[in-house]
J.: 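Below is the structure I would like to discuss, written out as structure tokens.
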Protein chains: 2
Amino acid sequence: MYVTRQADYAVRCVLYLARAPHRIESVGAIARAMHIPRSFLAKIVQRLVKIGLLRSLRGVQGGIQLARRPRAINLLEVIEAIQGPSAMRECAVNPRDCCLSATCAVHPIWVELRRVAVQRLKRENFAQLARRRAR
Amino acid sequence: MYVTRQADYAVRCVLYLARAPHRIESVGAIARAMHIPRSFLAKIVQRLVKIGLLRSLRGVQGGIQLARRPRAINLLEVIEAIQGPSAMRECAVNPRDCCLSATCAVHPIWVELRRVAVQRLKRENFAQLARRRAR
DNA sequence: TTAAATAGGACTGTTTTGCTCATGTTTCTA
DNA sequence: TAGAAACATGAGCAAAACAGTCCTATTTAA
């Protein structure tokens, strides 16, 4: 369950939007606020739009906004929208990729840890996150 | 907490040895049995020897063996021996690497998930693993 | 002496990651 | 209706990580 920087950027972006849902924000403003390279974020946003997590509005005064209420979006789906399903070891997602997994004593542990992480990330929604303040 | 293939190889190797502790096995034999490229495993073994997890004996009839009892070796230390400490996001290990981590709402989640994984991997020792049979 | 083993270092090819750029399209507004 | 401010799309690129090989020691049992 490695999270790429790209997915982290996506999370930050959604988090930013979740703090002012319904508001339309420009990618540039979000990039500045969240310390993300602007044109890179633009690419990331494209994917989030395409899968229907964000809505975009073109033209002057355009920008992006959440397509759903923050509490209806969880951490896992944002991460997987960018990097697909992942695990500590590929075999935990796709056992066929590993010639040993059927007889491997370690395999069940990868599966278990993935399950725990997935559960936790699914439980965390962006309404919670938006409320949460840093320590 | 991504686990590289290299670390996985290390785990398989230690697991193999844990099934016949005290026995001296050649790297070649282990490589064959565990489907690991031989010369690659040789490099991996070097590191495990250097940090004192394995003992090696040179010369004809030489090979490697565990330096401790299987139940005194846990999964985490083998993995970290190869790839160092890891997490879903670097900031969970080293908060200074991230300019946001102090105020980031997501950061505590990375930390929490890392703690869970580390705990679990530490709890699993190679005596358990060696006994364990595939589903 | 020789063969079988580890030790060590240099090196290489591939993939992933992180990111930029150029160009096009849409739409508000003056 | 022109122009500026947005997003959309695809190509491309550099650096790092990853996976692995190879060659040359060195050691040691037989």
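Below, chain A is the first sequence line, B the second, and so on; all start at residue 1. Hydrogens, waters and symmetry mates are skipped; everything else that's a heavy atom, side chains included, is used.
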J.: Using every non-hydrogen atom in the two residues, find where B:Ile30 and B:Ile64 come nearest and quote the distance to one decimal.
T.: CD1-CD1, 3.7 Å

J.: By side-chain contact (heavy atoms from CB on, under 4.5 Å), which residues pair with B:Val118, not counting sequence neighbours?
T.: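 By the side-chain contact (heavy atoms from CB on, under 4.5 Å) rule, B:Val118 matches B:Leu76, B:Arg114, B:Lys122.
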
J.: Using a 3.5 Å cut-off on both pairing distances, which stems of three or more Watson-Crick or G-U pairs include DNA chain D?
T.: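 Result, WC/G-U stems under 3.5 Å: C:1-30 with D:1-30.
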
J.: In residues 74-86 of chain A, what residues come within less than 4.0 Å of DNA chain C, judged by heavy atoms?
T.: none

J.: Hey, which sits more toward the 5' end of DNA chain D by its nearest nucleotide, A:Lys50 or A:Gly62?
T.: A:Gly62

J.: What integer distance in Å separates B:Leu41:CG from C:dG8:C1'?
T.: 16 Å

J.: Tell me whether B:Glu90 contacts the main-chain N or O of B:Pro95 through its side chain, where contact means a donor paired with an acceptor under 3.5 Å.
T.: no

J.: With side chain to side chain donor-acceptor pair (under 3.5 Å) as the rule and sequence neighbours excluded, what pairs involving residues 5-16 of chain A come up?
T.: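 Residue pairs passing side chain to side chain donor-acceptor pair (under 3.5 Å), neighbours aside: A:Asp8-A:Arg12, A:Asp8-B:Arg89.
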
J.: Walk along nucleotides 16-30 of chain C from 5' to 3' and tag each nucleotide B, S or - by protein heavy-atom contact under 4.0 Å, base first, then sugar-phosphate.
T.: -SSBB---BBBBB--

J.: Quick one: side chain to side chain donor-acceptor pair (under 3.5 Å) pairs with a partner in residues 48-59 of chain B, sequence neighbours left out?
T.: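 Residue pairs with at least one partner in residues 48-59 of chain B: B:Arg55-B:Gln65.
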
J.: OP1 or OP2 of D:dA5 versus the side-chain N and O atoms of A:Ser26: is any pair under 4.0 Å?
T.: no

J.: Carefully, step by step, assess A:Glu25 and A:Arg19 under the rule salt bridge (charged side-chain N to carboxylate O under 4.0 Å, His left out).
T.: CA-CA 11 Å; A:Glu25 302 278 358; A:Arg19 286 191 166 132; over 6 Å; no

